[in-house]
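In each ligand, atom 1 is the first atom listed, and ligand 1 is the first ligand listed.
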Amino acid sequence: MNAVTMQAETENKAEAAPATDAFFRIEDVHAYYGESYIVQGVDFKVDHGRILALLGRNGAGKTSTLRTIARTDDPQLRRGEIWLDGQPLHTMRAHQAALAGVQLVPEDRRIISGLTVEENIALAQVAPGHGWELERIYSHFPRLAERRKQEGVTLSGGEQQMLAIARALARDVKLLLLDEPYEGLAPVIVQEIERILQEIKALGITTIIVEQNAIAALRLADDAVILDTGEVAFAGSAAEVLENKDLRQEYLAV
Ligand SMILES: Nc1ncnc2c1ncn2[C@@H]1O[C@H](COP(=O)(O)OP(=O)(O)OP(=O)(O)O)[C@@H](O)[C@H]1O
Ligand SMILES: [Mg+2]
């Protein structure tokens, strides 16, 4: 191969890469609760270190999509592929997906009662050398550092959300899935969590955020996907959704 053809080959490869090599992609995914067909052929991708807002009305399938990505037993994935950093999540069970770097922070946050903030984080640490050390976590969550000896379940809602995110960091998260993280929180706390999520993003963590508070999620996100009855109705930039009032009214009622 002479230098000219080699250069041409390299250029072709460089052009082809973005379509196939997204850090995370979900392809033609179909998932069911028993016989209820809920996730109906969902496709989207997220590049490394970006934040994607996954939006849509009540019952659109947002939580089901997150659960499918995290490979929980319900809903059941029946068709499609899910790839994270070259790893086939669609072939994995939930614990394997967790080891591959997927961390779902569910709506109810699941703070373990009877354990302090620090114990909640320590329990999440899989093995020495994996995930973030406590002091590194505390440097991003000063409120948790102050309350490290307090029982986790006695924290405020916002602090519990921070603890749930901190636990995901302790587990060496590559893809952070947040289901309604701002639910029930005052705007000032929402802003504090947004700041933390931006800091985490700057460190290269990729995030998918599901939120009823679409405006706050879009303000944070780079990309947006809107689901409508288990299908993708829109995929594009978050800025596009913020600017498009018709789109917001049709699918988000904001
Ligand atoms: N465990 C389940 N068994 C059967 N159907 C379910 C189950 N969980 C959710 N569904 C149905 O799946 C559909 C999508 O639900 P999902 O919770 O994914 O929506 P969502 O977009 O997260 O909604 P919300 O904004 O209300 O949280 C709904 O019709 C819901 O009734
Ligand atoms: Mg939901």
Side-chain angles (χ1 to χ4, degrees), residues 24-46 51-82 89-90 93-95 97-98 102-111 157-158 160-161 164-165 167-168 173 175-185 187 189-190 193-194 197 206-221 223-236 238 241-242 244 247-254:
F24 172 78
R25 69 193 150 92
I26 167 167
E27 270 180 18
D28 194 28
V29 157
H30 301 256
Y32 295 70
Y33 293 104
E35 286 314 303
S36 302
Y37 180 34
I38 302 297
V39 180
Q40 307 186 351
V42 167
D43 287 284
F44 62 84
K45 59 190 179 67
V46 194
I51 301 178
L52 179 133
L54 183 63
L55 306 172
R57 289 200 203 88
N58 288 331
K62 305 179 296 292
T63 297
S64 302
T65 301
L66 292 188
R67 291 177 57 85
T68 304
I69 295 169
R71 307 300 292 112
T72 56
D73 289 336
D74 246 359
Q76 188 196 14
L77 174 67
R78 293 220 192 136
R79 197 170 114 198
E81 297 188 356
I82 310 172
L89 298 182
H90 52 279
R93 303 287 301 272
H95 66 281
V102 179
Q103 290 296 328
L104 170 62
V105 177
E107 241 178 305
D108 62 12
R109 294 156 194 160
R110 312 263 167 89
I111 305 306
Q160 287 194 27
Q161 186 62 45
I165 297 169
R167 265 194 325 206
V173 62
L175 178 69
L176 181 63
L177 307 174
L178 301 172
D179 200 355
E180 314 263 2
Y182 303 153
E183 193 184 14
L185 305 184
I189 306 297
V190 168
I193 293 177
E194 262 179 75
L197 293 174
T206 308
T207 299
I208 299 177
I209 178 172
V210 163
E211 241 320 311
Q212 286 299 329
N213 185 347
I215 301 296
L218 290 165
R219 191 167 65 199
L220 174 77
D223 309 305
V225 164
I226 299 178
L227 291 182
D228 188 32
T229 52
E231 292 183 88
V232 174
F234 170 90
V241 183
L242 275 174
N244 190 334
L247 190 66
R248 291 207 318 271
Q249 281 181 342
E250 183 170 0
Y251 294 111
L252 309 174
V254 290

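- For the Mg ion (ligand 2), protein N/O/S neighbours under 2.8 Å (waters excluded) are Thr63 OG1.
- Between Tyr32 and Tyr37, the two ring planes are parallel [angle under 30°; tilted spans 30° to 60°].
- For the side chain to side chain contact (heavy atoms under 4.5 Å, CB included) test, residues two or more places apart in sequence or in another chain that qualify with Glu231 are Gln40.
- Atom CG of Leu176 and atom CD1 of Ile209 lie 9.0 Å apart (nearest 0.5 Å).
- A salt bridge does not link Arg67 with Asp74: none of the charged nitrogens is closer than 4.0 Å to a carboxylate oxygen.
- Taking the charged nitrogens against the carboxylate oxygens, Asp43 and Arg25 have no contact shorter than 4.0 Å, which rules out a salt bridge.
- Ionic pairing of Arg78 and Glu35 is present here: one or more N-O contacts between side-chain nitrogen and carboxylate oxygen are shorter than 4.0 angstrom.
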Would you mind listing each N/O atom of ligand 1 next to any protein N/O under 3.5 Å, plus the distance?
| unit_1 | atom_1 | unit_2 | atom_2 | d |
| --- | --- | --- | --- | --- |
| ligand 1 | 18 (O) | Ser64 | N | 2.9 |
| ligand 1 | 18 (O) | Ser64 | OG | 2.5 |
| ligand 1 | 19 (O) | Gly61 | N | 3.3 |
| ligand 1 | 21 (O) | Ala60 | N | 3.2 |
| ligand 1 | 21 (O) | Gly61 | N | 3.0 |
| ligand 1 | 21 (O) | Lys62 | N | 2.9 |
| ligand 1 | 21 (O) | Lys62 | NZ | 2.8 |
| ligand 1 | 22 (O) | Thr63 | N | 2.9 |
| ligand 1 | 22 (O) | Thr63 | OG1 | 2.8 |
| ligand 1 | 23 (O) | Gly59 | N | 2.8 |
| ligand 1 | 25 (O) | Asn58 | OD1 | 3.1 |
| ligand 1 | 25 (O) | Lys62 | NZ | 2.8 |
| ligand 1 | 25 (O) | Gln212 | NE2 | 2.7 |
| ligand 1 | 26 (O) | Asn58 | OD1 | 3.4 |

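- We find that Asp179 and Lys62 are not joined by a salt bridge, their nearest charged nitrogen and carboxylate oxygen being 4.0 Å or further apart.
- Residues passing the salt bridge (charged side-chain N to carboxylate O under 4.0 Å, His left out) test with Glu194 are Arg219, sequence neighbours excluded.
- Looking only at atom types and distance, the side chain of Gln212 has a donor-acceptor partner in the side chain of Asn58 under 3.5 Å away.
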